[in-house]
Amino acid sequence: DVAMFNIAPVYTSADAPKGWYYHPTTTSVTTSHHAIHADAGGMIMNGFVSPTQITADQNDYTPTGLTMNYILRLSTDASRNITGIAAGTAGDIHLLINVGAFDVVIVDESASSTAANRFALNANITLSPDEACTIWYDGTSSRWRVIQN
């Protein structure tokens, strides 16, 4: 492994900062964290969650495990809208993957979600089955932005 940051202090899972790989000598971090590290020449984003199937449009979506995982594996029982995701911390990044059989629609600036939970897009984005997009929380404008689709 190649450490992106050489973190000398020992962190516990409760106080460990989110978003970085820990130096191999830091052994007390034992839980899965939203982490970035280089391994065998590639970049790995750790942590995923498969929330309960979405059976209604989601406003202010807060799936269990959101804050501790990079990847959200989404599935729905029909085409469903997500109008916002619980506000992140500035710089949070998540990969949304549609692993189901129906479309997941990421809705632009929907008033159905709290302003700080909304998506700032040019238009709605439809994730068909097996499609994905990467979102980033822009703390300055308090919006989720799609940075790769």
**Study point:** Close side-chain approach of Pro129 and Asp103, heavy atoms under 4.5 Å
**Key:** yes
Check your understanding: Between Gly100 and Ser75, what is the shortest heavy-atom contact and its length?
Key -> CA-CB, 3.8 Å
Exercise for review: Apply side chain to side chain contact (heavy atoms under 4.5 Å, CB included) to Ile54 and Phe102, showing your working.
Suggested key: CA-CA 10 Å; Ile54 296 171; Phe102 300 96; over 6 Å; no
Point to revise | Donor-acceptor contact present, side-chain Asp92 to main-chain Gly88, <3.5 Å | key: no
Practice item. Give a yes or no answer on whether the side chain of Ser142 reaches the backbone of Ala116 with a donor-acceptor pair at less than 3.5 Å. Key: no
Study note, to complete from the structure: Note: Gly84 and Ser113 closest approach over all heavy atoms is N-OG, 3.2 Å
Review point. Thr76: what forms a side-chain hydrogen bond (donor to acceptor under 3.5 Å, both in side chains) with it, not counting sequence neighbours?
Key: none
Check your understanding: Distance from Ile93 atom CD1 to Gln148 atom CD, nearest 0.5 Å?
Key -> 10.5 Å
Point to revise | Rounded distance (nearest 0.5 Å) linking atom OH of Tyr137 with atom OG1 of Thr89 | key: 9.0 Å
Exercise for review: May I ask you to test the Ile135-Phe119 pair for a side-chain heavy-atom distance under 4.5 Å?
Suggested key: yes
**Study point:** Validation row: Val146, Thr134 side chains within 4.5 angstrom (heavy atoms)
**Key:** no
Check your understanding: Are any non-hydrogen side-chain atoms of Leu72 and Leu66 less than 4.5 angstrom apart?
Key -> yes
**Study point:** Minimum-distance pair of heavy atoms, taken over all atoms of Cys133 and Asn149
**Key:** CB-OD1, 3.9 Å
Review point. Closest heavy-atom contact between Arg73 and Ser50?
Key: NH1-OG, 2.6 Å
Check your understanding: Among side-chain atoms of Ser112 and Thr83, is any donor-acceptor pair under 3.5 angstrom?
Key -> no
**Study point:** Thr62 versus Ala86, closest heavy-atom pair with distance
**Key:** OG1-CB, 3.4 Å
Check your understanding: Residues in side-chain hydrogen bond (donor to acceptor under 3.5 Å, both in side chains) with Ser141, at least two apart?
Key -> Asp138, Arg145
Practice item. Measure the shortest side-chain to side-chain distance between Leu127 and Val105 over non-hydrogen atoms and say whether it is less than 4.5 angstrom. Key: no
Review point. How are the rings of His94 and Trp144 set relative to one another: parallel (under 30°), tilted (30 to 60°) or perpendicular (over 60°)?
Key: tilted
Check your understanding: Going from CZ on Arg118 to CD1 on Ile82, what distance comes out if it is rounded to the nearest 0.5 angstrom?
Key -> 16.0 Å
Review point. Atom CZ of Arg143 and atom CD1 of Ile85: how far apart are they, to the nearest 0.5 Å?
Key: 14.0 Å
Point to revise | Closest heavy-atom pair and its distance - Asp57, Asn81 | key: OD1-N, 2.9 Å
Check your understanding: Side chains of Asn117 and Asp60: donor-acceptor distance under 3.5 Å anywhere?
Key -> yes
Point to revise | Residue pair Ser128 / Asn98, side-chain heavy-atom distance below 4.5 Å | key: no
Check your understanding: Who pairs with Gln53 by side-chain hydrogen bond (donor to acceptor under 3.5 Å, both in side chains), at least two apart in sequence or on another chain?
Key -> none
Exercise for review: Please examine the side chains of Leu96 and Ile71, heavy atoms only from C-beta on, and report whether any two atoms are closer than 4.5 Å.
Suggested key: no
Practice item. Would you indicate whether the side-chain heavy atoms of Asn124 and Ile106 approach each other to under 4.5 Å? Key: no
